[in-house]
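Remarks on the structure that follows.
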Amino acid sequence: MGSLAEQNLALYGLTKAALIHLTMSMAFELAPANIMVNAVSPGPTMTEYNVERTRQHPDYLAHKAAVSSERPLPAGPTRSPRLYASLATTSATNIQGHNLVVDGGYVIH
């Protein structure tokens, strides 16, 4: 994630941070045209990348499980679709250039 450092993931984190910055820049530049630009940073999920990483480094899954157990809330992708969709509605017209972190408190561990 672009707002959390993890061992051996510097380039991955750099790309995520760049996307967050790009979101803010685009929001600033496109606001005069009434175009909303926001980002969503979901919490950790078992993507293909994480499955492969677990296969290559068995201790990775144990590390993720330990960190995830420290989350205040058991967040997951199934809890988030309505929240993500709400960013595209007129009720979110005052949300601009925001990085919505939906991770159950993962980044505050």
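- One finds the CE atom of Met36 at 8.5 Å from the OG1 atom of Thr90 (value rounded to the nearest 0.5 Å).
- Judged by distance alone, with hydrogens and angles left aside, the side-chain atoms of Gln96 form no donor-acceptor pair with the main-chain N or O of Asn38 at under 3.5 Å.
- Under the 3.5 Å distance criterion, the side-chain polar atoms of Ser86 are matched with a main-chain donor or acceptor of Leu83.
- Hydrophobic cluster membership differs between Val37 and Ile95, with clusters built from Ile, Leu, Val, Met, Phe, Trp and Tyr side chains linked at under 4.5 angstrom.
- Checked against Ser41 for a side chain to side chain contact (heavy atoms under 4.5 Å, CB included), the options Leu19, Leu100, Thr23, Asn99 give a single hit: Asn99.
- Hydrophobic clustering of Ile, Leu, Val, Met, Phe, Trp and Tyr side chains at less than 4.5 Å, counting indirect connections, keeps Met26 apart from Phe28.
- Between the CD atom of Glu29 and the CG atom of Leu22 there is a distance of 9.0 Å, given to the nearest 0.5 Å.
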